[in-house]
Amino acid sequence: MSRYNARAVEPKWQRIWEDSRAFAATRDETKPKYYVLEMFPYPSGRIHMGHVRNYAMGDVVARFKKARGFNVLHPMGWDAFGMPAENAAMERRVHPGAWTYQNIAAMRTQLKSMGLSLDWEREFATCDPEYYAQQQALFLDMLEAGLVSRKISVVNWDPVDNTVLANEQVIDGKGWRSGAPVERRELTQWVFRISDMADELLSAIDGLDKWPEKVRLMQRNWIGRSEGLQFRFEMAPNDLVDWPELEVYTTRHDTLFGASFAAISPDHPLSRALEGKVDGLAAFNAECRRMGTSEAELETAEKKGFDTGLRVVHPFDPNWTMPIYVANFILMDYGTGAIFGCPAHDQRDLDFARKYGLDVVPVVCPPDQDAASFEIGSDAYIGPGRIINSRFLDGMSIDDAKAEMARRMLEMGCGEARVNFRLRDWGISRQRYWGCPIPVIHCGDCGIVPVPKADLPVKLPDDVTFDKPGNPLDRHTGWRNVPCPKCGADARRETDTMDTFVDSSWYFARFTAPHADTPTEMADADYWMNVDQYIGGVEHAILHLLYSRFFARAMHRTGHLPEKSIEPFNALFTQGMVTHETYRAADGRWLTPDEVKITHEEDGREPALETRDPQIVPVDKVDLRRVARETSTDEEVEIGPTIKMSKSKRNTVDPEQIIEQFGADTARWFMLSDSPPERDVEWTAAGAEGAWRFLQRVWRALNEAKLCAIGAPEPQLVLPMAASLRQATHKTIMRVSRNIESFAFNKAVADIYTFVNTLTKEHGDSEDYLFARREAYEALARLMAPMTPHFAEEIWQLLGHATPLVEAPWPSYDADLTRDDMISMPVQINGKKRAEIQVDREADRETIEGLVMASPDVARFLGGKTPRKIIVVPGRIVNVVI
RNA sequence: GCCCGGAUGGCGGAAUUGGUAGACGCAGCGGACUCAAAAUCCGCCGGCCGCAAGGCCUUGUCGGUUCGACUCCGACUCCGGGCACCA
C-alpha cells in the first residue's frame, strides 16, 4: 500500500474543482445565500502563515455552509494600493504597479495551492482602474451628498526630505530615512464627515449581536461619546492680547470649585497669538510641535506646561483667578482645545499641579471619609462621593452637582450642556502616488470643481519617477495641469490620493457585482449582501471596521446599497495571530528559524541558553526540539519572546515550503488544531509533522479496513461493539457540526482525533461491523472535508463514490444514537470528589441518593455520621455535606 | 499614557458556561518490530508522599462569595493588540 501522496492528489482535485466551476457563485433565489468573507490581503509578495490561518478558517465555513445547502459567495481580491509599493519603487527602481501586479500573480498561485473554495471569477485588485474608477464615482456622490469636506489637519513633516511621513515612518521622533527631527505641520485635507454619524454609528453597535463583545466595546470607546459642559471663562485683564474669554469643555463640571488652572493646546489660537508676546512661549510651542502626531507619542511624552502669565476668572467668583498654561498634552482636536484643571480628581491634572506647585483642593469626598480630614496624596480621587468645599454644591451627589452647575451656567449665559465625541473626521488625503486619485480639479475662478463622471477614471499616470522624495504627481505637470471642466481656464488636478482605508471600506460590496460599470448593481447587492460571516485579524477591530460601517451608510444614502446593508457585516470573527519564537545573535541581529541550530539539553526540558556545543543535534532532528540554538558560525543565540511573525523580526516560516513538503491539507489541519481560532497560535515544525502523520494514519486505516458494499442496507443483527461504533459516529457528527458552527475548530479537530482513535481500534468483521465501519468512514470523509478538502475527496473516491465530495451534503445524525443510557456521576463529600456511581440517564433524585448512600466509598468518609445535606444536580453531580 | 484582551502540566489547549481540572494533540519515557535506523504498534506521562489502597497540593498572585470556583466579585503582576498616515 502506498502512502498518501499530497503532492499528486492536491493539484488533481484543484483542477477538478476549477473545471467544474464548483465555487462560482451565481444568484439563485431558490436557495438561501451565505456570504463568507475573509479580510483581503495586501499583496506584499508572498503569503504568510497569518494568511494561511485566516483563509483556512474562512474556507472551513464556506465549505461547511455549501454542504449544508447554502448558495455560498466566497470571493477573493487584493488590497493593492499602499506605501510598500512606493518604497519598493524608490529602493529598486520598479514601478509600483509592476511590483504590485507581480506580487499578486505570485500570491494568487500560492493561495490557489491551498485549495480554497474561492470564486476566482470575482477577483479584483483595488489598484485596477475599473475598481478605483467606481471609487471615484462614489467619492463624487458623497461629495454631492455633503459627506465630504475640506479641513485643516496636522501631519508629520520631514523638514529634510520635505515630505509627509506616516506615523510608522517616524521613529523616536525622527524621519526614518533622513533622521531629521519630525515637525507637526498643518495642511488642508479632504475628510469624510464620519463624526456627523457618530451617534448613529454608536447606537447601531447595540444591534451587532454576532460581533465579539470586545470589538463592540473598543468601537464604543473609540467613538467616545461624552456628556459635558462647554463654557466660557472670562479673562482677567491683561496688556498683551485683546481676548475676552476662553472657552473650555469638561465632563467634570461638578469639580469646578476645585479648579486651580486652565490649560490650552500649543496649537490653540490664544497660544499662537501670545507667541510673540510672552518670552519663551514661541520656543515652548515650537518644542511641542517637534513631535509626531500619534496619540501614543503625545500621551507618553513628559507632561510639560508653560505659564502664560494670563489668568482666567472663576465663573462664580470675580475675585478668584487662576493661571493659563500652555500644555503639551492638550489636543486641539478634542473639545475646544482648552480645559480647566482640577488636580484632586484627575490624575493628569494632579501630576501637573504637583509639578508646577498649584493648589490641590478636594471637592468630592469618598463615602467612607470625613470631609474635614480628606486629603489627596499622590493619587487623584475619581470615585463617587458627595461634594465638599464647593459653596452651593456642597452635599450634593456628583450627578446632581453636574446638573446644578449646568443649570446655573445656562442661566448666566456663559455655558451649555454639550455632547462631545472623541471620534474625529476621517482625513483621507495622502501626498502619495500609489493610491486612488481624488477626482477634483482646482480652478482659480471656480474653486473646487468635481471631475465630471464621464471623465472618470482619473487614471494614475504611468510615467512617473521616484528619484526624489515627495509626491510624483505634484511634479508631473502633464498630468497635473488641466483645463477647468466648468470654465475651461487653466486649472490643476488635486494631486492627493486617497487613504488606502477607503479602498477596503467598500470592497465587500463590490464583490457582489465586481465587473459592473457602477459601484454596485442593486439586484446583486440586494441578493448577496450582507456579509454573513466576516473573518479577520483583531488588529482591524476599530479603524477598518468603523470606516466600513460608515461607508455602508454613505453608500446607502447615495443609492448604492439597500437599507438593510447599513450594517454590512452580520457576524464578525476576529482570529488571533500566528506567532513564532524570535532569535537574536550576540550583535543584536535577528535570525530566521532556518538560520539557527538547536542543541539538545539533557533532561529535554528547559532550553539551555548558555550551552555551547556539547550536544548539537543533527539538522534533520532539529525542528523537533525547542532548545538553545547556535548559528552555523557557532555563535550563541538568544531566544527572544514568541511574537507575531514579522519580516522585521525575521521569525517567519514560509507557507510555500510547508505546502511543498507536506501539502496544503496538512498546513490547514495544523492551523486549525490545538489553538482556539480567536487566540494566537505558535507555529511549530513538530505540530505540522503531527498533522501530516495523522493524515497518513487515516489513509492507512481506510486502506486496510473491511467495509460493506456502497449503499448496502442496515443489517438486522446489531452486535454491542458495532453499536458503540455507530454511537461514536453519530456523536462525532453532532459534535463536529456544533463546533464548526461555533468557530471552535480546534475542538472539531479534537473530536475527529478521538473518533479516529475509536475507529481504528474496532476490528470485528461481522456484517454489522462492515456496515458500521462504512458509515463511520463516510462520515469521517465528510466531516474532514472543510478542513482537509483534497484528502477528503481522495478517501471519498477510495470509498467508491463516483461524484466528488464537494457536491455531497453534510452528514446528519440520529439523535437516539448520540445518547448514553447509563451515565457516571461523581460524588463529592464536602466539595471533594470521593466516589463515582453509575446511574440511568433518567434516574430521579431519590434513586440517586439511594445509590450514593449505598456506596462503600461514601460510607467510609461518612464514618457513620448522617449527612447534613445532599445536593443532587441530576445528570451532573452529587455533593454530600457533612 | 489611554482603550481592549489574555494567563490552566515540559508545550498548544479541553472542561457541557458555577458541578469529575488536565479531553485531544505535541514533546518525553519504557516496550514490541528491525542487523540497524526510519516508519508503525502497545504502555506510561501535573507535583509531592506511599509497596499498595489511597492521601495531600495544583488553573499568574493575594483576598472574597458558594455545598461546590479555571468559571462570579475585589485588588494586583506579567504578556499581547489598538491609538486615527502600516495594512
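These values consider heavy atoms only, across backbone and side chains, with no hydrogens, waters or symmetry-generated copies. Only a predicted model underlies this, so the values are computations on that prediction, with no experimental measurement involved. A note on names: the letters A, B, ... follow the listed sequences, proteins ahead of strands, and every chain is numbered from 1.
- Salt bridge status for A:E38 with A:R53: absent, with no side-chain N to carboxylate O gap under 4.0 Å.
- Following rounding to the nearest Å, A:I428 (CD1) and B:A84 (C1') show an atom-to-atom distance of 14 Å.
- Donor-acceptor pairing under 3.5 Å, judged by distance alone, is absent between the side chain of A:E689 and the base of B:C26.
- Taking the C1' atoms as reference points, B:A39 lies 23 Å from B:C24, given to the whole Å.
- When the P atom is used for both B:C4 and B:G54, the distance is 49 Å, rounded to whole Å.
- Distances were taken from every side-chain heavy atom of A:L543 (C-beta onward) to each of B:G80, B:C4, B:A87; the shortest belongs to B:A87.
- You'll find that the side chain of A:N167 is closest to B:C86, out of B:U40, B:G82, B:C86.
- Of the candidates B:C56, B:C3, B:G25, the closest approach to any side-chain atom of A:D674 belongs to B:G25.
- The gap from the C1' atom of B:C79 to that of B:G25 amounts to 24 Å, rounded to the nearest Å.
- Distance, A:E678 CD to B:G5 P: 13 Å, rounded to whole Å.
- Here the P atom of nucleotide B:C2 and the NZ atom of A:K303 are 9 Å apart, to the nearest Å.
- Salt bridge annotation for A:R424-A:D333: present, with a cationic side-chain nitrogen under 4.0 angstrom from a carboxylate oxygen.
- Here the separation of B:U16 from B:G9, taken at their C1' atoms, is 23 Å to the nearest Å.
- Salt-bridge check for A:D349 with A:R354: failed, with every basic side-chain N at 4.0 Å or more from each acidic carboxylate O.
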Checklist outcome for this item: Each base of RNA chain B marked ( ) or [ ] if paired in-strand (Watson-Crick or G-U under 3.5 Å), | if paired to another strand and . if unpaired gives (((((((..(((......[....))).(((((.......))))).((((....))))..(((((..]....))))))))))))....
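- For A:L217, whose side chain is taken as the heavy atoms from C-beta onward, the closest listed nucleotide among B:G55, B:A14, B:C4 is B:C4.
- When each of B:G13, B:G1, B:G25 is scored by its nearest atom to the side-chain atoms of A:S675, the top-ranked nucleotide is B:G13.
- Closest to the side chain of A:R432, out of B:C85, B:G5, B:G82, is B:C85.
- Comparing B:G13 with B:G60, their P atoms are spaced 13 Å from each other, to the whole Å.
- The local environment of CD1 in A:I382 is sparse, with at most 12 non-hydrogen atoms from other residues, nucleotides or ligands closer than 6.0 Å.
- When all heavy atoms are compared, the tightest approach of A:V756 to A:F694 is CG2-CZ, 3.8 Å.
- Of all non-hydrogen atoms in A:N167 and A:T293, the two that sit nearest each other are OD1-OG1, 3.1 Å.
- Taking atom P on both B:G19 and B:G68, the two are 15 Å apart, rounded to the nearest angstrom.
- Picking from B:C56, B:G1, B:A87 the nucleotide with the shortest atom distance to the side chain of A:T300 gives B:G1.
- In this structure, A:E186 does not pair ionically with A:K151, as no charged nitrogen and carboxylate oxygen lie closer than 4.0 Å.
- A donor N or O paired with an acceptor N or O is found under 3.5 Å between the base of B:C67 and the side-chain atoms of A:N879.
- Comparing A:F861 and A:Q169 along RNA chain B, the residue whose closest nucleotide (by nearest heavy atom) sits nearer the 5' end is A:F861.
- The separation of B:G63 from B:G80, taken at their P atoms, amounts to 28 Å, rounded to a whole angstrom.
- For the pair A:V215 and A:R430, nearest-nucleotide mapping onto RNA chain B gives the more 5' position to A:V215.
- Comparing the P positions of B:G55 and B:C73 gives a spacing of 33 Å, expressed to the nearest Å.
- Here B:C85 presents its P atom at 12 Å from CD of A:E295, a figure rounded to the nearest Å.
- For A:S824, taking side-chain heavy atoms from C-beta onward, the closest of the listed nucleotides B:U20, B:C24, B:A27 is B:U20.
- Here the nucleotide nearest the side chain of A:N757, chosen from B:G1, B:U40, B:G25, is B:G25.
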